[in-house]
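What follows is one structure encoded as structure tokens, with my remarks underneath.
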Protein chains: 2
Amino acid sequence: MQRCCPPAEVASDRFHEEASLFKAIADENRMRILATLASAIEDVCVCDFTGALPLNQPTVSHHLRILREAGLVTCERRGTWVYYRLAPGAHERVESATRAVFAQKVLA
Amino acid sequence: MQRCCPPAEVASDRFHEEASLFKAIADENRMRILATLASAIEDVCVCDFTGALPLNQPTVSHHLRILREAGLVTCERRGTWVYYRLAPGAHERVESATRAVFAQKVLA
DNA sequence: TCGTTGCATCGACATCCATCGATACTATCG
DNA sequence: CGATAGTATCGATGGATGTCGATGCAACGA
């Protein structure tokens with residue numbers, strides 16, 4: 001039987017970093033949080049999320065933590081409240097990771 | 001106690017479509033498959049993946065199915081072998097979903 | 001100092017998901 | 001037609017993840 005291939009080379013990159021980033025985004029509720037922060041003029045209080053999302057407060061806190069640990073958002077306490085904002089370069093990091101995956105071969 | 005907020009509005013979008021797309025990408029091995037297809041000059045045979053990835057054949061097939069059902073890749077049988085390629089517009093769809101999430105508010 | 005409020009953490013639970021062995025399906029070869 | 005090879009599907013399993021009630025912690029006000 002003939003060979004199937006001009007033996008293609010499989011990407012050797014590990015994409016560990018990029019996968020973590022996409023995992024953090026790949027949730028409907030976390031996307032709503034990110035979209036809110038991206039479009040907000042000012043920082044957003046946690047209570048706004050607990051009020052608007054169909055989730056209980058511990059779950060909102062859980063999602064915010066995941067976004068924090070992914071470096072996509074930052075937070076700051078002001079008195080009793082905690083305000084979140086998009087981390088600088090968050091959008092750019094996702095775009096960069098996307099480019100890393102879909103980078104086309106440069107034709108010689 | 002004072003109110004915390006200029007009551008911010010939470011994004012009402014559901015992001016169901018976008019979340020599915022990111023879920024399909026958010027796996028290290030699927031990213032390697034996508035990167036391989038993106039950089040390949042020609043279609044890539046399944047056997048190349050089973051040979052190069054640290055996964056058994058059923059697992060590779062499983063990941064390829066997820067990418068297929070997400071519309072990110074297409075496949076074609078040629079004889080005994082099945083060849084995969086990036087679906088047209090795959091890269092653009094991811095970029096578009098990213099923009100949908102990180103869209104900034106247009107200042108009035 | 002005490003009660004209250006906002007948020008984070010903990011522990012439990014159900015569900016999803018990545019992985020793999022076994023098996024079925026499809027095409028080729030003899 | 002039978003044997004073989006490449007790929008997909010099935011069923012099982014262990015680990016990750018989303019969700020929530022209970023609880024802890026920090027800040028404020030009385």
Side-chain angles (χ1 to χ4, degrees), chain A residues 1-8 10 14-16 19-34 37 43-70 73-85, chain B residues 1-8 10 14-16 19-34 37 43-70 73-85:
Chain A
M1 192 177 277
Q2 58 182 5
R3 285 278 302 144
C4 65
C5 320
V10 171
R14 283 290 118 86
F15 292 112
H16 193 72
S20 302
L21 193 61
F22 279 112
K23 274 187 216 291
I25 303 178
D27 177 274
E28 199 171 341
N29 290 306
R30 288 198 291 273
M31 286 180 121
R32 294 182 71 182
I33 292 176
L34 287 173
L37 297 178
D43 302 348
V44 178
C45 178
V46 173
C47 66
D48 285 324
F49 293 122
T50 57
L53 294 176
L55 301 172
N56 285 21
Q57 179 267 322
T59 306
V60 171
S61 211
H62 166 72
H63 287 305
L64 288 171
R65 183 222 269 259
I66 289 180
L67 293 174
R68 248 186 294 130
E69 293 179 342
V73 306
T74 62
C75 64
E76 170 192 355
R77 175 180 280 274
R78 277 184 238 147
T80 308
W81 300 285
V82 178
Y83 293 83
Y84 279 78
R85 77 189 66 175
Chain B
M1 192 177 278
Q2 58 183 4
R3 285 277 303 142
C4 66
C5 318
V10 171
R14 283 289 121 84
F15 292 112
H16 193 72
S20 302
L21 193 61
F22 278 112
K23 275 186 215 290
I25 304 178
D27 177 275
E28 198 171 341
N29 289 306
R30 289 197 289 273
M31 287 182 120
R32 294 182 71 182
I33 293 176
L34 287 173
L37 296 178
D43 302 349
V44 178
C45 178
V46 174
C47 66
D48 284 324
F49 292 122
T50 56
L53 294 177
L55 301 172
N56 287 19
Q57 179 268 323
T59 307
V60 171
S61 211
H62 166 72
H63 286 305
L64 288 171
R65 183 222 268 257
I66 289 180
L67 293 174
R68 249 187 292 131
E69 293 179 343
V73 305
T74 63
C75 64
E76 171 192 355
R77 175 180 281 274
R78 277 184 238 146
T80 307
W81 300 285
V82 178
Y83 292 83
Y84 278 77
R85 76 188 68 172

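Note on naming: letters A, B, ... go to the chains in the order of the sequence lines (proteins, then strands), and numbering restarts at 1 for each one. Excluded from the calculations below are hydrogen atoms, water molecules and symmetry mates; all remaining heavy atoms, backbone and side chain alike, are included.
- Residue whose closest nucleotide on DNA chain D sits further toward the 5' end, between Cys75(B) and Gly79(A): Cys75(B).
- Applying the side chain to side chain contact (heavy atoms under 4.5 Å, CB included) rule to Arg77(B) yields the partners Val82(B); only residues at least two apart in sequence or on another chain are considered.
- Side-chain contact between Ile33(B) and Leu53(B): present, with at least one pair of heavy atoms (C-beta onward) separated by less than 4.5 Å.
- Every residue two or more places apart in sequence or in another chain that forms a side chain to side chain donor-acceptor pair (under 3.5 Å) with Arg30(A) is listed here: His63(A).
- At a threshold of 4.0 angstrom between heavy atoms, the contacts of Tyr84(A) are confined to the sugar-phosphate backbone, with no base atom among them.
- Remark: Phe49(B) pairs with no residue by the ring pair (Phe, Tyr, Trp, His ring centres under 6.0 Å) rule, at least two apart or across chains.
- Picking from dC10(C), dC7(C), dT17(D) the nucleotide with the shortest atom distance to the side chain of Arg65(A) gives dC10(C).
- As rounded to whole Å, 15 Å separates atom C1' of dC7(C) from atom CG of Leu53(A).
- Residues that satisfy the side chain to side chain contact (heavy atoms under 4.5 Å, CB included) test with Ala52(B), not counting sequence neighbours, are Val10(A).
- When the side chain to side chain contact (heavy atoms under 4.5 Å, CB included) test is applied to Arg68(B), the partners found at least two apart in sequence or on another chain are Arg65(B), Val73(B), Cys75(B), Tyr84(B).
- One can place CD of Glu76(A) at 16 Å from C1' of dG6(C), the figure rounded to the nearest angstrom.
- Rounded to an integer number of Å, the gap from Phe49(A) CZ to dA8(C) C1' is 16 Å.
- Using a 4.5 Å heavy-atom threshold, the side chains of Phe22(B) and Lys23(A) count as separate.
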Checklist line | Annotated protein contacts, base or backbone, on nucleotides 19-26 of chain C with a non-hydrogen cut-off under 4.0 Å, one of B, S, - each | finding: BBBB----
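- Within the 4.5 Å cutoff, the side chain of Arg14(B) has heavy atoms near those of the Arg32(A) side chain.
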Listed pairs, N/O of protein and of nucleotides 13-16 of chain C, under 3.5 Å:
none

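- In this structure, Arg78(B) reaches neither bases nor backbone, as no heavy-atom distance under 4.0 Å exists between it and the strands shown.
- In this structure, Glu28(A) atom CD and dT17(D) atom C1' are separated by 16 Å, rounded to whole Å.
- Summarising the geometry, the separation between CD1 on Ile33(B) and P on dA18(C) is reported as 11 Å, rounded to the nearest angstrom.
- The distance between atom CG of Leu64(A) and atom P of dC7(C), rounded to the nearest whole Å, is 10 Å.
- Atom P of nucleotide dA8(D) and atom CG of Leu67(B) are separated by 12 Å, given to the nearest angstrom.
- Using a 4.0 Å heavy-atom cutoff across all strands shown, Ile66(B) reaches sugar-phosphate atoms only and no base atom.
- The interatomic distance linking Lys23(B) (NZ) with dA18(C) (P) rounds to 10 Å, in whole Å.
- Applying the side chain to side chain donor-acceptor pair (under 3.5 Å) test to Gln57(B) and every residue at least two apart in sequence or in another chain returns nothing.
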